[in-house]
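Okay, structure first, notes after.
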Amino acid sequence: MSFLEYAPAPESTSILKLQKSYGLFINGEWVDGGDKSYTTISPSTEKPIAEIAHASAKDVDRAVSAARAAYDTVWSRMSGADRGKYLFRIARLIQERARELAVAETLDNGKPIRETRDVDIPLVAAWFFHYAGWADKLEWAGLGPNPKALGVAGQIIPWNFPLLMLAWKVAPALAAGNTVVLKPAETTPLTALLFADICQQAGLPDGVVNIIPGRGEVAGQALVEHPGVNKIAFTGSTAVGRSIARTIAGTEKKLTLELGGKGANIVFEDAAVDEAVEGIVRGIFFNQGHVCCAGSRLLVQENVHDEIVEKLTRRLGTLRLGDPLDKNTDIGAINSKEQLDRITALANTGESEGAERWTLDCEIPTNGFWFRPTVFTNVATSNTIAREEIFGPVLSVLTFRTAEEAITKANNTPYGLSAGIWTQNASRMLRVADELRAGVIWANTFNQFDPTSPFGGYKESGYGREGGRHGLTAYLSNGDAR
Amino acid sequence: MSRLPVAKTYKLFIGGAFPRSESGRVYDVTSPSGEFIANASKASRKDARDAVVAARAAVAKWSSATAYNRGQVMYRIAEMLEGRSAQFVDEIQKSTGASAKDATTEVNAAIDLLVWYAGWTDKYAQVVGGANPVAGPFFNLSVPEPSGVAFVIAPQGNATLIGLVAAIAPALVTGNTVVALSDESSPCAAMSFAEVIATSDVPGGVVNILTGSPAEIAPWMASHQDVNTVDLGGADAELALACERDAAETLKRVIRPGQFSSTTGSVDRIGAFVETKTVWHTKSLA
Amino acid sequence: MSNSESDLARRAARLYYDDNKTQDEIGEILDITRWKVGRLLSLARESGIVSISISETATPSERATTGIIPTPRSVANGVTDAASLRGFLTNLPSVDAIGLEARAATLATRSIKNESKRAALDTIIRLVDLTTLEGADTPGKVKSLVAKALVPDASDPTTPRVAAVCVYPDMVEHAVRALGTSIGDGETGISVASVATAFPSGRSSIDIKLADTRFAVDQGATEIDMVIDRGAFLSGDLETVFNQIVLVREACNRADGSHAHLKVILETGELRTYDNIKRASWLAILAGADFIKTSTGKVQPAATLPTTVLMLEVVRDWFHLTGERIGVKPAGGIRQSKDAIRYLVAVAEVAGEEWLTPHLFRFGASSLLNDVLLQRQKMTTGRYSGPDYVTVD
């Protein structure tokens with residue numbers, strides 16, 4: 001045995017004390033749900049984790065009422081400094097329970113423990129720390145001297161970064177003085193429910209945060225339609241985002257949407273090749289490609305195409321796919337059967353439309369949902385896989401000859417969330433960054449996130465920004481400042 | 001013996017030119033007392049479509065002009081308006097029945113509002129953008145950028161000039177181009193304002209002004225896939241609802257009726273036509 | 001010849017050969033006749049005070065008429081003169097420091113457990129160049145080092161031996177003597193590596209560097225760890241850096257046609273930038289290096305994981321270009337087993353496991369070995385060991 005056939009190094013799950021079933025967290029209490037309950041499973045094994053209560057429209061109404069009452073009687077009257085202290089407490093509790101949260105997230109989502117441990121959970125804590133400090137400084141947020149909270153925020157989050165997306169939504173909402181009703185994704189409710197427990201440990205007043213797992217078409221819909229909600233924040237598919245925007249038309253609800261993307265990762269001939277290859281890998285294979293800002297379209301300058309593709313596929317050969325709880329795993333499981341089917345179908349379309357398919361030759365476990373890292377070359381801009389968001393570990397490689405062509409191709413999409421630029425020419429980098437119609441541009445890096453850095457898209461990738469001062473203003477109104 | 005005056009033909013303003021409606025339609029513009037003032041072109045959806053094409057074509061030049069240059073051009077609009085203020089006072093009086101004092105106040109306010117927004121062009125990015133102190137070896141900067149093409153409906157039946165200026169100017173500040181639909185009932189000042197624009201160094205297509213029916217035009221603009229922002233400030237509740245729903249299909253940025261004052265300026269209104277772009281770059285000595 | 005006469009002959013010879021004085025001038029200086037000067041000079045030649053040799057081959061400066069002395073590797077890659085060398089190196093893709101460091105940090109998160117860890121520890125020992133490079137080195141110290149190299153842990157006979165001992169040139173003979181029949185090439189036995197070329201600064205004439213190298217080889221060194229001229233590299237004089245490697249490589253040649261393996265030390269801590277390190281790595285390989293080595297251990301920072309990853313990328317790329325494998329040796333600053341294991345992971349994932357042999361990868365280290373032994377003992381006994389249970393050498 002080669003010694004680098006690393007012995008399995010699974011993270012122990014003993015740190016995680018799971019209940020058999022979880023209720024809804026409304027007004028500081030665990031209550032039953034009115035909709036049919038759901039068994040959340042581990043996508044890497046298909047084994048059940050816990051029984052999760054699902055909220056009905058009536059439950060949503062109760063949660064919104066609780067949030068409203070908490071807003072009126074407690075949260076809106078509390079000083080910013082005290083609100084901030086609660087958020088600091090939450091941040092600390094997340095750090096203390098980081099290992100447990102990482103294990104829970106990996107179990108429920110299927111993403112590698114290396115990512116939950118090193119990326120997701122540290123960022124969750126950082127997000128709460130960042131916004132905790134904002135709570136008593138709202139007059140500096142750029143909305144005039146007397147900014148006001150909006151009231152009750154209804155938040156609906158996806159399954160790809162469950163707890164991180166919760167943090168992106170809950171932290172600024174609470175800092176700005178809103179109360180929250182949050183619906184986690186159906187397939188990944190676990191860490192949101194653990195977060196409810198953290199709110200209790202922090203002594204957060206009842207009703208300030210309400211967590212209601214449920215189905216999108218029941219609880220999600222009811223939350224969006226609820227007249228008592230002042231703000232909707234949604235991260236998820238463009239199709240659902242569109243429907244939310246339609247639903248709240250004509251109301252006074254404020255809305256932020258973080259939707260899909262088809263990010264272009266542009267590699268110029270003068271790129272730092274080995275780092276670019278790492279960036280390509282990070283861009284599309286991070287989190288199994290379940291990333292709205294993934295660099296799913298690789299645009300390579302034609303004269304370095306072969307070299308880049310060769311180095312890329314060779315590098316992919318060192319990726320380790322398997323048990324997400326193993327600390328050495330690079331690629332975990334696809335989050336659900338439904339998503340696996342979608343990825344499979346789109347990849348097949350890529351093949352039938354004439355693109356050349358390369359698939360990593362690796363073992364995949366017999367149970368669970370898995371998709372081998374896949375690279376398509378010879379992709380035409382008109383191919384489905386070059387236009388539609390696949391949301392999986394599938395990369396489409398296209399070529400360009402000049403910077404102008406790269407920009408045109410990169411912008412040729414209804415989306416506009418992210419893009420990458422790889423060049424050692426700083427002047428070219430800055431100009432290309434200027435020309436790209438995307439909300440987040442990574443130059444010589446990819447998929448970096450930080451609570452101080454605004455994140456969000458152009459065009460059909462949504463509107464509003466999350467992170468930093470920009471993210472805070474999405475939960476404030478300026479009164480009548482000019 | 002009095003001289004026979006030369007009446008003005010009010011046309012549309014698209015791509016820097018003053019065409020008639022492709023439909024050939026006109027409608028009567030009358031004073032509040034019912035007196036005939038002029039025939040205005042009644043823009044069709046095809047005129048609006050053409051205006052979007054012109055506006056899209058103008059985005060590259062206007063958005064890449066320096067902020068200093070955009071500020072000068074916008075200030076130039078104010079200068080030209082000032083120089084022709086008597087004409088606007090007259091048109092507002094005729095079409096709305098306002099007193100000379102009120103009309104003068106409105107024109108002056110419109111000029112001052114343009115000056116106010118002109119001054120924002122090279123300050124806005126500094127105020128709302130900036131360096132983000134991320135926890136890593138990265139240079140990280142957020143900058144506001146124009147969303148692209150905006151469709152704005154001027155207030156209907158009031159604030160005929162200033163409402164139009166208050167809708168167009170904030171979009172121009174950051175480099176958006178605009179298709180504006182005037183106050184339907186009193187379009188004369190709007191079309192004269194188009195003449196001011198046309199003589200103010202504003203590149204053709206940056207501002208396009210249509211006259212006609214919001215109910216007829218707005219839904220086409222709200223659903224147009226090449227429009228990025230719609231300002232429904234001048235739409236009634238029913239029209240605004242329909243347009244907001246249409247706009248949802250392409251996830252346009254929407255300004256709802258009542259969201260902003262139709263007579264004063266607002267920094268947030270500039271922000272309604274803006275995308276924040278955040279650029280990360282690695283940073284090292286090695 | 002009397003002592004006073006030979007003394008006089010030496011003085012005359014110095015004035016004549018070194019100071020270019022005429023025989024008349026020398027006569028005046030030494031207060032003797034011109035004829036006496038002539039006689040003294042013949043005496044100096046005959047007695048061996050002066051030796052004159054006429055080179056049958058071209059001198060370095062004659063051979064470097066195009067700026068560089070081309071090598072088969074350089075010629076195969078189109079590098080035939082100073083301009084093409086410069087062009088080759090500046091055309092190499094740049095390195096993004098943050099990306100490289102992030103890659104290294106990710107590699108460092110690999111988790112190695114139990115059976116794999118035991119194998120990893122043994123591999124580390126097999127790859128160690130056990131080093132002593134002190135001004136205070138003595139034959140006794142070297143003998144003790146060799147003993148440790150042969151039997152790192154007397155309490156556990158399953159402990160493998162190290163790849164090489166690394167000493168200064170004047171200590172080579174002691175190392176060779178102490179090793180006796182255990183000498184080998186790192187795989188077949190313990191190799192004797194010697195730092196030469198005015199180590200560690202390299203600030204001397206090429207003649208001295210070559211003499212230093214020949215001396216070490218003559219003494220029995222099987223590997224030479226040379227330093228490049230960092231000053232020349234940083235000032236842009238790439239030809240000098242290149243030619244010195246070519247000449248030192250030739251000086252490694254033995255009469256039987258074999259050669260002492262050449263490790264080229266880049267002293268990455270002085271080159272500072274990753275772009276420089278990458279270019280120097282390619283330059284060293286083109287000039288004939290068998291190994292590229294990070295550091296002397298005398299300059300901080302010495303070996304780092306990102307630097308080693310970068311050099312592994314270069315040898316990997318060279319392999320894909322030519323089919324030939326070049327070795328990599330991180331040296332200095334690697335003191336703990338867990339750090340060394342990260343290097344093994346980097347070798348395996350960047351270059352490939354084929355590199356994990358003494359022919360292609362070495363750790364230049366002194367205190368690392370004892371830490372590895374402590375970890376091994378812990379794995380054997382199940383108890384944490386302490387420094388009193390490994391030998392101080």
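Values below: every heavy atom of this structure, side chains too, minus hydrogens, waters and symmetry copies. Throughout, protein chains are lettered first and strands after them, A, B, ... in sequence-line order, and every chain is numbered starting at 1.
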Answer yes or no: are there more than 12 heavy-atom neighbours, outside [X] itself, under 6.0 Å from its atom [atom1]?
X        : atom1 : answer
A:Glu139 : CD    : yes
A:Arg428 : CZ    : yes
A:Arg92  : CZ    : no
B:Tyr75  : OH    : no
B:Lys61  : NZ    : no
A:Glu405 : CD    : yes

With a 4.5 angstrom heavy-atom cut-off, is it the side chain or the backbone of [X] that approaches chain B, or both, or neither?
X        : answer
A:Leu430 : neither
A:Pro414 : neither
A:Phe446 : neither
A:Ser418 : neither
A:Glu275 : neither
A:Leu255 : neither

Could you state the interatomic distance from [atom1] ([X]) to [atom2] ([Y]), rounded to the nearest 0.5 Å?
X        : Y        : atom1 : atom2 : answer
A:Tyr463 : B:Lys252 : OH    : NZ    : 10.5 Å
A:Arg246 : B:Leu241 : CZ    : CG    : 9.0 Å
B:His281 : A:Thr445 : NE2   : OG1   : 9.5 Å
A:Ile441 : B:Leu141 : CD1   : CG    : 12.0 Å
A:Lys459 : B:Leu251 : NZ    : CG    : 12.5 Å

[options]: which one forms the most heavy-atom pairs within less than 4.5 Å of chain B?
options                                : value
A:Ala126, A:Gly142, A:Ala438           : A:Ala438
A:Gly467, A:Ala245, A:Gly439           : A:Gly439
A:Gly468, A:Gly464, A:Ala433, A:Ala443 : A:Ala443

Please check this pair: side chain of [X] against backbone of [Y], looking for a donor-acceptor N/O pair closer than 3.5 Å.
X        : Y        : result
B:Arg245 : A:Gly250 : no
A:Arg437 : B:Ser147 : yes
B:Thr278 : A:Pro454 : yes
B:Lys277 : A:Leu436 : yes

Taking the side chain as everything from C-beta on, heavy atoms only, tell me whether B:Phe138 gets closer than 4.5 Å to A:Asp450. no
| task | Measure the shortest side-chain to side-chain distance between B:Thr250 and A:Glu460 over non-hydrogen atoms and say whether it is less than 4.5 angstrom. | result |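 Counting from C-beta outward, B:Thr250 and A:Glu460 do come under 4.5 Å.
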With only heavy atoms counted, which part of [X] is less than 4.5 Å from chain A, the side chain, the backbone, both or neither?
X        : result
B:Ser142 : side chain
B:Val128 : both
B:Ala135 : both
B:Pro146 : backbone

Practice task
Quick one: which of B:Val279, B:Leu232, B:Thr276 has the most heavy-atom pairs under 4.5 Å with chain A, could you say?
Solution key: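 So the answer, after comparing B:Val279, B:Leu232, B:Thr276, is B:Thr276.
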Most contact-rich option vs chain A, by heavy-atom pairs under 4.5 angstrom, among B:Pro133, B:Ala237, B:Ala240, is B:Pro133
